[in-house]
Amino acid sequence: MSPSSSETVRATAGVVAENGDQITALFYASMLADHPELLRLFNKGNQATGEQPRALAASVVAYAGSLIDPDAPSFHHVMQRIAYKHVSLGIKPQQYTIVGHYLLGAVGEVLGDAVTPQIAEAWNEVYWLFATQLIAEETRLYQQAGVDASHPLRPYRVVRRIDETQDVISLILEPADGGQLPAISPGQYVSVFVDLPDGGRQPRQYTVSSTALGPRLQITVRRVRGINGAPDGQVSSYLHDAVQPGDLLDVSVPAGDFVVQSSDGPLLLASAGAGITTVLPIVEHIARTQPKRTVIVAHADRTAQDHALRETVLHVARELDDFTAYTWYETLDPGNDRSRQGFMDLSEVPLPDDVQVFTCGPLPFMRHVRSTLLARGIPADRIRYEVFGPDLWAAQIPAEDRGDR
Ligand SMILES: Cc1cc2nc3c(=O)[nH]c(=O)nc-3n(C[C@H](O)[C@H](O)[C@H](O)COP(=O)(O)OP(=O)(O)OC[C@H]3O[C@@H](n4cnc5c(N)ncnc54)[C@H](O)[C@@H]3O)c2cc1C
Ligand code: HEM
């Protein structure tokens with residue numbers, strides 16, 4: 001970035017951050033009003049709860065910070081996460097011009113006369129530096145996956161539907177074109193696009209919960225129920241209520257960097273609720289490729305009956321030489337003396353010194369896991385996480401803990 005823009009961004013980053021929510025709310029409202037076709041791309045639930053505007057605002061301000069502060073934590077991981085999400089949604093380079101127009105327009109409108117031409121120019125530079133890097137990374141990821149960004153989806157046929165628990169189903173999918181599955185790293189997700197009964201179309205991300213089914217892949221979906229007057233989850237309800245074997249779903253290429261590296265080090269997989277969907281494919285992969293590797297799984301759920309994929313994980317783990325499982329349930333059945341009652345508490349669980357941690361579940365759960373493990377001396381760069389929503393985590397963890405970025 002040019003030195004004069006750097007100075008301007010340094011001087012105005014605070015005020016842009018303070019007004020970030022307002023800027024992004026206005027940006028989305030005006031962009032979606034003028035480009036209603038984008039409603040089929042953006043997650044309506046995240047718009048309603050404001051999570052997506054906050055994630056975008058936080059990322060732009062954090063990126064500006066990384067440009068002006070040589071000591072800022074590496075931005076690589078955030079960039080990767082956004083690029084993967086965009087690729088799973090089929091975002092195209094030309095759409096950056098639309099987003100830039102409305103985002104920079106909203107900065108001008110919210111900050112009003114405070115925005116001099118010099119300030120507008122400096123933030124334009126920040127946006128396009130960010131956009132250029134994202135476009136380059138997304139182009140690389142499309143190429144790597146052998147996908148044309150103008151046709152990013154492939155129809156998959158639902159071949160089987162399994163009731164895992166009262167609120168969780170698995171759908172087994174195979175490419176409807178008769179072709180092969182793409183390469184899937186365990187822990188990656190796909191975006192699934194559904195045509196809803198109201199005529200709308202919506203994408204959601206689902207982890208590939210098993211990659212051990214030959215030419216098929218599996219997703220496992222928890223039904224999201226609305227609480228305190230909020231509506232039930234749109235796509236999860238639709239998948240539960242309407243989708244049957246024989247139906248077709250549009251599915252993206254696998255995406256995401258929540259992927260275990262093939263070192264020999266011990267692994268702790270700490271999950272809660274729907275986060276279990278990341279555990280099974282990782283355990284399957286280790287059983288297939290490194291059965292001597294130490295694996296510890298720790299899972300928290302409301303009750304044993306809500307704990308999806310439990311038996312499947314235990315079954316696959318029989319092929320591992322060194323496997324331990326811990327469970328915590330908020331409500332424990334009488335006589336269940338193998339599980340612990342309450343929320344997950346990793347303070348007493350024996351862990352090898354060099355353990356690598358992969359954690360997936362609701363944000364408060366992951367924050368708790370992380371602070372317990374940091375207190376036990378596990379360095380932040382050995383703790384990886386996956387958020388099942390826009391990545392607010394990056395914006396919310398204290399700066400001193402961001403060693404994993
Ligand atoms: C990388 C990744 C991997 C994932 N993997 C899985 C997985 O393996 N399994 C799985 O089950 N899920 C997974 N998810 C979550 C999944 O993508 C969906 O977010 C989830 O299924 C909910 O989608 P929905 O359409 O049912 O809910 P939405 O309709 O998106 O609603 C989400 C929430 O917003 C609330 N809401 C919606 N509209 C309003 C409103 N107007 N006012 C107030 N509140 C509102 C709803 O009550 C609900 O609590 C993953 C997400 C990500 C990002
Ligand atoms: C520099 C420009 C951009 C930035 C900084 C940016 C940033 C982000 C961020 C931080 C997320 C959330 C990622 C996560 O889940 O953790 C996101 C998701 C998303 N982005 Fe972008 N983005 C940009 C450009 C675009 C463009 C050009 C489009 C296309 C219209 C787009 C469409 C989307 C969609 C549809 C999502 C998912 C929304 C959801 O799930 O609610 N983005 N982006």
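As the structure lists them, so they are numbered: ligands from 1, and atoms in each ligand from 1.
- Atoms of ligand 1 found under 4.0 Å from any heavy atom of Y189, numbered from 1 in the order shown, are 1 (C).
- The atoms of ligand 1 that sit less than 4.0 Å from any heavy atom of V224 are 22 (C), 48 (C), 49 (O).
- For atom 4 (C) of ligand 2, the nearest non-hydrogen atom from the set V78, T97, L134 belongs to L134.
- The distance between the ring centers of Y385 and F365 does not fall below 6.0 angstrom.
- In this structure, of H86, K85, Q95, R81, the residue bringing a heavy atom nearest to atom 43 (N) of ligand 2 is H86.
- Residue-to-ligand polar distances keep S237 apart from ligand 1: every N/O pair is separated by 3.5 Å or more.
- Close approach to S59 involves these atoms of ligand 2, each under 4.0 Å from a residue heavy atom: 5 (C), 7 (C), 10 (C).
- Counting heavy atoms closer than 4.0 Å to ligand 1, residue I219 contributes nothing at all.
- Of all atoms in ligand 2, numbered sequentially from 1 with element shown, those under 4.0 Å from a heavy atom of F130 are 5 (C).
- Numbered from 1 in the order shown, with element, the atoms of ligand 1 that lie under 4.0 Å from a heavy atom of V235 read 24 (P), 25 (O), 26 (O).
- If you look at L89 next to ligand 2, the close heavy atoms, those under 4.0 Å, all belong to the side chain.
- In terms of polar-atom proximity, R81 is not counted as a contact of ligand 1, lacking any N or O under 3.5 Å from an N or O of the ligand.
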